[in-house]
Amino acid sequence: MKEKLRSLVARAVDQLGRDGTLPADTQVEIQVERARDKGHGDYAVNTAMVLAKQAGMKPRELAERLVAALPDDPGVAGITIAGPGFINFEITQEAAYAAVRDALAEGAAYGRSKLGAGQRINLEFVSANPTGPLHVGHGRGAAFGGALASLLAAAGYDVHREYYVNDAGRQMDILATSVWLRYLEHQGESLRLPDNAYRGDYVRGIARKLAGEKGDTLLQPAEVVMAELPLDGSEGGDKEEYIDTLVTRCKTLLGPEAFAGVFQLALDTVLEDIRDDLAAFGVTYDEWFSERSLTDTGAVERALERLDEAGHLYEADGAVWFRSSAFGDEKDRVVRRDNGATTYFASDIAYHLDKLERGYGHCIDVWGADHHGYVPRVHAALRALDRDPEQLDIRLVQFAILYRGSERMPMSTRSGQFVTLRELREDVGADAARFFYVMRKPEQHLDFDLELAKSESSDNPVYYIQYAHARICSVLVQMREKGLSHDPDNGDRHLTRLTESHETELVSAIGRYPELIELAARAREPHQLAHYLRELASHVHTYYNAHQFLVEDPDLRDARLNLVLAARQVIRNGLGLLGVSAPEAM
RNA sequence: GCCCCGGUAGCUCAGUAGGAUAGAGCAACCGCCUCCUAAGCGGUAGGUCGCAGGUUCGAAUCCUGCCCGGGGCACCA
């Protein structure tokens, strides 16, 4: 309907261009909006106000000319000019009921759009280091990314969900070392855990697994392992230097092969945990992309060569630097350290180049807000490689802070006292967790109230929406118990019986769903869907309280059932995109 | 110091590429279950949209400056 109105107005503008009211080559983006106020009809167009200046006449006057030039359309019931020069359209009941018809006919496909036209999008999200279980901060990225992926897919994009696995580098070495130290403990050695070691319980778990597989073959006396180390941070030394020394010693004592074994066991265990965790959260991936593979295949070296050939690399202080400041970054960045190893940033350049070369014209990265300083350098790298930085859309997601009542929950992976995503799921349930995470726009800090998420009350928006769905299901159960049946075709023939204000509003809300999918997808804002669903549920509850659906009159009854079943379909579809279930009963 | 995000009702937040009288939920107060699940509904009350300028037919929305809160500024990942 929105599109139809747009084309009607476009034709009117052309017409005025031909008769000289407007400049002949007038170009304007015609904005058709849902009227916020019922008194303003169903749709509003502001074109007259936008073009008033060019036309050299008052907005209302131009609006009148436009209206006069509008072609007739059977879906339009009335046109009025209001306010400063809005053209308000009222659509016919028949056109409005089409939403109910479509929702029932299209079912799960209702709301799907061709907006994306099959364009391939690579959506990378979570990508947490596999150094431990996901915590609640990652949960927001998972819920947001998962919902955005579904939303974009519903809007007609070909979405590829990807997790970038940081399976190389220092942090993973530290994890492997931490596992080995716990293993030594498990074998009866007593030693002091470094400040910077990973100390969560899961490390002990991996250590036990290691002991189970390797027995005491990896055992070394604690005195040897801990001999002549520098001072640790808490001892007045440098904790980074301390842990690095220990990592090096670990590699030496174990030998490259055994160390690689410990490393791999730690990686596989943690990654499997993450994968299971996300799957239970309703988030799945098309690809788990290994950072290490970029080094193994030489992709990192190739990327650096390309930068070098283009003259964007230079040496200083024994390291190789990328001249990112020439491409909008605040300073240059190291891509190869003085010890010869490439940096994480170098891998990231290769990774993003790889994504583009795999044929994704558009890439979306979902990052934690703490990585925002990293954005300019990645864009700089793409620019330096003659790629359009617009192709990489980086969405930053702010922190989620957990509260239990008024108590703020602490979080720190290193100390091991974080609240894991798994714990959160088990506490409040996956449905509530996913909804709460996407309810707020991503730029907004999220106060996640555990008590509220768990409460089975009207305070809780998840249950409110799910309840609307369950109530409709329950009506059908009641219907059968009363020995009645529903004839959808008959209902369809009598949709015009739905004239109550509660009914027309619900019809209108259902009709808005496809528009909302496009809007939310375009803006990459799943929270719009969450808010819409709350509104839709509100219409359902209001209607439910105001009117009986299972009335005597079979025509009216069938029509009402068509309406609420259409609403149920939209709730189901919408919740599905957010990864929230739509229970039949509660 | 520089960069990013936020500042809208007592609280938590929406506000759809600047649009008509700024909206929800919670909390507060008043009502509604012999009737399809009260995990619900109706009503009342609640606002200098952080502050000051600017842009224009029109600004919570765009621009500039300032104030407050959160985060980030590694040869870590």
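Throughout, a chain's letter reflects where its sequence line sits, starting with A, and its residues are numbered from 1.
Looking at residues two or more places apart in sequence or on another chain, you find a side-chain hydrogen bond (donor to acceptor under 3.5 Å, both in side chains) between A:H445 and A:Q398.
Proximity of the aromatic rings of A:F549 and A:Y543 is defined here by a centroid distance below 6.0 angstrom, and this criterion is met. With ring centers used as reference points, A:F125 lies 6.0 Å or more from A:Y163.
At a threshold of 4.0 angstrom between heavy atoms, the contacts of A:A585 include nucleobase atoms, whether or not backbone atoms are also involved. As judged by a 4.0 angstrom heavy-atom cut-off over every strand, A:E515 is placed among residues making no nucleic acid contact. Using a 4.0 Å heavy-atom criterion, one finds that A:N129 contacts the sugar-phosphate atoms exclusively. Note on A:S474: a base of the nucleic acid sits closer than 4.0 angstrom, heavy atoms only. Base engagement by A:A82 is indicated by at least one non-hydrogen atom pair under 4.0 Å involving a base atom. A:A470 comes within 4.0 angstrom of a nucleotide base, judged by non-hydrogen atoms across all strands. Residue A:D338 is in base contact, counting any heavy-atom pair closer than 4.0 Å across all strands shown.
Across every strand in view, B:C62 sits in a pair with B:G54 that passes the Watson-Crick or G-U test at under 3.5 angstrom. Nucleotide B:C29 is matched to B:G43 when pairs are restricted to Watson-Crick or G-U wobble geometry with both distances under 3.5 angstrom.
Picking from B:G19, B:C75, B:A14 the nucleotide with the shortest atom distance to the side chain of A:H527 gives B:A14.
The separation between A:L529 atom CG and B:G15 atom P is 13 Å, rounded to whole Å.
Ion pairing of A:R34 with A:E515 is present here, as a side-chain N (NZ or NE/NH1/NH2) and a carboxylate O approach within less than 4.0 Å. With respect to A:R395 and A:E124, no salt bridge is recorded, no charged nitrogen being found less than 4.0 Å from a carboxylate O.
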Nucleotides 5-10 of chain B: protein proximity per nucleotide (B base, S sugar-phosphate only, - neither; heavy atom, under 4.0 Å): SS----
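Both A:H541 and A:R170 lie close to RNA chain B; mapped to their nearest nucleotides by heavy-atom distance, the more 5′-ward contact belongs to A:H541.
The environment of A:E481 atom CD is dense: over 12 non-hydrogen atoms of other residues, nucleotides or ligands sit within 6.0 angstrom.
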